[in-house]
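Okay, structure first, notes after.
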Amino acid sequence: MEHYDHTKIEGKWQKKWAVDDVYQTVEDSAKPKCYVLDMFPYPSGEGLHVGHPKGYIATDVYSRHMRMQGHSVLHPMGWDAFGLPAENYALKNKIHPRVAVTKNIARFKEQLFNIGFDHDWSREVDTTDPAFYKWTQWIFLQLFKKGLAYQSKEPINWCPSCKTGLSNEDLEDTACERCGTQVEKKILPQWVLKITDYAGRMLEDLDALAWPEHIKELQRNWIGRSEGAEIEFALTAGDDKIKVFTTRPDTLFGATYVVLAPEHALLSTLRSSITNWADVAAYQHEAAQKTEIDRTNDTKEKTGVKLEGVSAINPATKQEIPVYVADYVLAGYGTGAIMAVPAHDERDFAFATKFGIAIKPVIGSADATMPYIDSGTLINSAPFDGLESEEAKTKITAFVGGKLTKTYRLKDWVFSRQRYWGEPIPIVHCSKCGAVAVPESQLPVLLPDVESYEPSGTGESPLATISEWVNTTCPTCGGPAKRETNTMPQWAGSSWYYLRFMDPKNDSALVSPEREKYWAPVDMYVGGAEHATRHLIYARFWHKFLFDIGVVSTTEPFAKLQSVGLIIAEDGRKMSKRFGNIINPDDIIEVYGADTLRVYEMFMGPFENAIAWNTNAMIGARRFIERVFRLSASVAQEDSAAVEPILHATIKKVGEDILAFKFNTAISQMMILLNAFEKEGVGKNQFSAFLQILAPFAPHLTEELWATVGHSGSIHTSTWPTFDPAKLVSDTQTVPVQINGKVRATLVLPTDISEADALQQARENPLVAKWLAEGTESRALYIAGKIINFVVDKI
RNA sequence: GCCGGAGUGGCGGAAUGGUAUACGCGCGCGACUCAAAAUCGCGUCUCGCAAGGGAUAAGGGUUCGAGUCCCUUCUCCGGCACCA
């Protein structure tokens with residue numbers, strides 16, 4: 001028998017599959033469809049390491065299985081090539097991002113090709129292709145027209161190293177997620193997307209999604225809903241009112257002061273009434289200087305300034321209470337103002353204690369330890385005394401004319417980047433007409449070539465230096481105008497790319513309604529959990545918007561989601577060029593073969609677990625592949641009766657496990673089957689069925705042996721074998737016998753034996769009889785096919 | 001602090017409430033070989049000569065029977081956090 005030459009076999013089939021178009025997407029309305037998608041990669045300059053393909057292998061196994069099960073399968077691949085990673089790589093290596101991206105894509109593609117994936121490359125998309133980003137810009141215009149894209153001059157997160165503004169999702173605590181630099185606050189004119197309008201729906205619709213519970217939980221935390229009330233406090237000066245958000249309107253009678261965030265707009269409005277304005281202004285200035293870290297670090301020591309000359313009226317008690325400005329109240333949450341109830345809130349308690357403000361208990365008993373933060377029965381709140389908190393919340397809110405409301409932790413999406421390598425924002429600024437949408441007929445607004453694409457750091461994009469591009473005419477009035485020079489964030493293209501795969505060549509719509517109806521939603525989406533509060537938030541937001549304007553027919557983009565666990569390096573650290581611990585799949589494939597790599601990565605452990613790469617352990621996968629190859633030489637014409645039950649059990653289990661993403665147990669079951677084949681023999685039909693269920697994992701080897709055994713056509717377009725439930729059970733089965741829960745013997749019993757006969761046989765077994773004789777049998781039970789248990793009371 | 005998830009051999013891990021440690025790696029012994037590699041066979045939680053006993057982070061409970069369900073505690077991982 002020939003030696004197993006993986007290089008020859010794998011190369012041969014990869015070429016043939018490409019030539020024969022084996023994996024071309026077929027839109028057959030007679031078949032159920034299945035859209036299987038990976039989170040597409042950034043084509044970085046470092047190429048793929050063995051960790052990247054893990055998710056792609058899983059979707060490959062899944063999509064191959066679905067194809068063999070008779071589905072129309074869409075399994076595409078593309079490139080998320082705009083954004084900081086690609087641009088930083090280009091800057092570092094002194095080549096234009098366009099050139100770098102082209103080169104990197106070619107490299108990635110070759111690496112993916114070597115692993116033998118079933119991607120349909122005729123549907124490849126690239127977010128930096130003008131034919132693609134035309135539609136990214138189009139979506140922005142629709143958002144703009146609906147008032148969901150607006151300009152803001154609020155301070156935003158600024159990364160001094162990447163020299164660009166960032167969204168909340170781009171942060172890792174208070175540092176830039178890309179480079180780890182602490183972000184600063186910077187006031188820059190920004191385009192912001194009103195994702196908060198969708199917060200409620202995004203939260204509510206999570207419940208029905210077939211996503212891992214922990215991913216949904218991450219999103220729930222990120223969106224962060226609080227239910228409470230907005231209540232207005234009148235002032236002793238002027239007509240303005242302070243609107244506060246509180247989750248505890250039941251404690252309103254205990255509100256002994258009000259706090260405004262330092263950035264609160266009302267402060268400057270009240271300037272003329274505030275007699276200690278200099279102190280207040282100084283405090284505002286001080287707060288503005290603090291970084292996010294400073295501000296959140298002083299969790300204990302509260303600071304603030306009392307507004308002199310202005311007081312508020314508690315709408316419940318009608319008492320005059322002081323107003324403070326303090327930075328423990330955040331401008332960006334709720335209304336930027338709170339009613340402070342020191343008796344029932346830890347922060348308010350600390351502040352009131354420091355500043356000598358009255359503390360009035362209104363829940364529980366007056367002598368309880370303060371602050372008492374739980375719900376309870378109201379006191380000191382006539383006429384609401386004696387009510388429970390829950391009921392009081394509604395009644396007190398109504399009593400003072402407030403309204404019950406919800407507020408979210410989620411912030412609007414800062415959408416401008418002061419960088420070169422992104423989609424130009426299709427807006428023209430006209431001194432007469434303001435911000436004007438570029439007409440859709442003029443899309444795409446092409447990203448111009450530029451001599452220096454280095455970020456300026458001034459808060460202006462590098463595009464601002466190209467005057468011939470910047471200067472244009474206003475689409476509305478025809479007068480002189482300037483183009484918007486900020487670009488979109490990296491997340492823009494990835495927020496809708498999955499739609500483009502359905503209809504990648506369409507030039508008149510981002511996706512045709514027919515194609516969309518056929519393929520949507522994505523049936524299985526696979527990627528890292530780190531995208532839970534980034535890409536997956538943005539994509540859901542855009543999708544819901546596209547649903548609202550009638551572009552898509554589903555309210556959610558991704559019906560099912562599986563998160564892939566990282567492969568970490570053998571040294572236990574993250575695989576990174578920095579640590580020099582990267583393993584390149586090309587090297588593994590050269591020595592061990594693509595099928596070995598695929599089987600190993602699926603066998604390593606549960607798909608969601610982060611597991612260290614271990615080249616030693618990978619030998620097991622290689623041995624498995626070789627044993628299958630060797631076994632093919634001793635396949636008999638006649639089937640082996642002895643392996644029938646285990647063969648059918650394996651067909652059943654592998655099919656179920658693939659659907660459940662339990663690839664490790666699917667492979668172990670196939671190993672058990674292979675062990676049985678080697679021991680008991682295997683017939684041609686049995687071996688063929690085995691090859692078919694192994695085919696999604698080891699497509700090259702199985703394709704080769706499929707032909708060797710005598711089949712024509714590709715195994716990958718063959719029909720998945722069916723299992724015969726009648727063959728799952730053999731005539732006899734091994735049943736353990738327990739005495740008081742301890743196994744004392746095992747019996748081989750006919751499958752259809754009655755309880756009485758089973759117990760009888762057990763009692764006659766000498767090992768069992770010995771134990772039964774030691775006491776009085778008080779109970780006996782036979783769980784069919786599972787176990788026999790005798791309860792014996794000791795004498 | 002709040003919210004998730006997880007703790008099983010030397011390692012990755014398996015186990016609809018029903019023989020804990022499948023499958024694989026590693027290790028040991030043997031066969032083949034002049035020898036080695038590869039391959040194949042046997043063994044491999046722990047105490048014990050054995051009969052038996054003990055062990056799924058710790059402790060309790062439910063059950064004929066618990067890794068699995070319930071309660072308490074500990075540890076690790078992830079998220080959120082001056083969010084009113």
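Below, chains carry the letters A, B, ... as their sequence lines are ordered, and counting in each starts from 1. Keep in mind that the numbers below use all heavy atoms, side chains included, and drop hydrogens, waters and symmetry copies.
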The side chain of [X] is closest to which nucleotide in this list: [options]?
X      : options             : answer
A:V743 : B:U19, B:A22, B:A84 : B:U19
A:P736 : B:C82, B:U19, B:G24 : B:U19
A:L218 : B:C23, B:G79, B:C25 : B:G79
A:P606 : B:G79, B:G13, B:A84 : B:G13
A:Q738 : B:U19, B:A84, B:C82 : B:U19
A:R744 : B:G53, B:G4, B:A22  : B:G53
A:A617 : B:A15, B:C25, B:C23 : B:C25
A:N221 : B:C3, B:A84, B:C23  : B:C3
A:I611 : B:G13, B:C23, B:C82 : B:G13
A:T246 : B:C64, B:C23, B:A84 : B:A84

Whether [X] contacts [N] is assessed here as follows: a side-chain N or O lying under 4.0 Å from the phosphate OP1 or OP2. Is that the case?
X      : N     : answer
A:S226 : B:A84 : yes
A:R623 : B:G24 : no
A:N664 : B:A14 : yes
A:Y333 : B:A84 : yes
A:N609 : B:A6  : no
A:K679 : B:G41 : no
A:K302 : B:A84 : no

Looking for any heavy atom pair under 4.0 Å, which part of the strands does [X] touch: base, sugar-phosphate only, or nothing?
X      : result
A:T533 : nothing
A:R627 : sugar-phosphate
A:N675 : sugar-phosphate
A:E217 : sugar-phosphate

When rounded to the nearest Å, what value does the distance between [atom1] atoms of [N] and [M] take?
N     : M     : atom1 : answer
B:G18 : B:G48 : C1'   : 28 Å
B:C34 : B:C23 : C1'   : 37 Å
B:G7  : B:A37 : C1'   : 40 Å
B:U56 : B:G17 : C1'   : 15 Å
B:A57 : B:U63 : C1'   : 23 Å

Applying the Watson-Crick and G-U wobble criteria at under 3.5 Å, what pairs with B:C27? Answer none if nothing qualifies. B:G43

Paired nucleotide for B:G48 [Watson-Crick or G-U wobble; both distances under 3.5 Å]: none

Select from A:F790 and A:K770 the residue whose nearest nucleotide in RNA chain B is closer to the 5' end of that strand. A:K770

Closest to the 5' end of RNA chain B, once A:I672 and A:H214 are matched to their nearest nucleotides, is A:H214

Side-chain heavy atoms of [X] within contact of [Y], under 4.5 Å:
X      : Y      : answer
A:W211 : A:L536 : yes
A:F351 : A:P342 : no
A:D595 : A:H6   : no

List the steps, then state whether salt bridge (Lys or Arg N to Asp or Glu O under 4.0 Å) holds for A:R534 with A:E169. CA-CA 6 Å; A:R534 298 194 170 103; A:E169 285 78 15; over 6 Å; no

Closest heavy-atom pair, A:V61 versus A:M602, reported as atoms and distance to 0.1 Å, is CG2-CG, 4.5 Å

Rounded distance [0.5 Å steps], NE2 in A:H264 versus OG1 in A:T335: 5.5 Å

State whether A:E204 and A:R225 are salt-bridged, where the test is any N-O pair (Lys NZ or Arg NE/NH1/NH2 against Asp/Glu carboxylate O) under 4.0 Å. yes

Nearest-Å distance for atom pair CD1/C1', residues A:I363 and B:A84: 15 Å

Take atom CG of A:D374 and atom P of B:G1, then tell me their distance rounded to the nearest Å. 15 Å

Checking one value: the base orientation of B:G9, syn if chi is within 90 degrees of 0, otherwise anti. syn

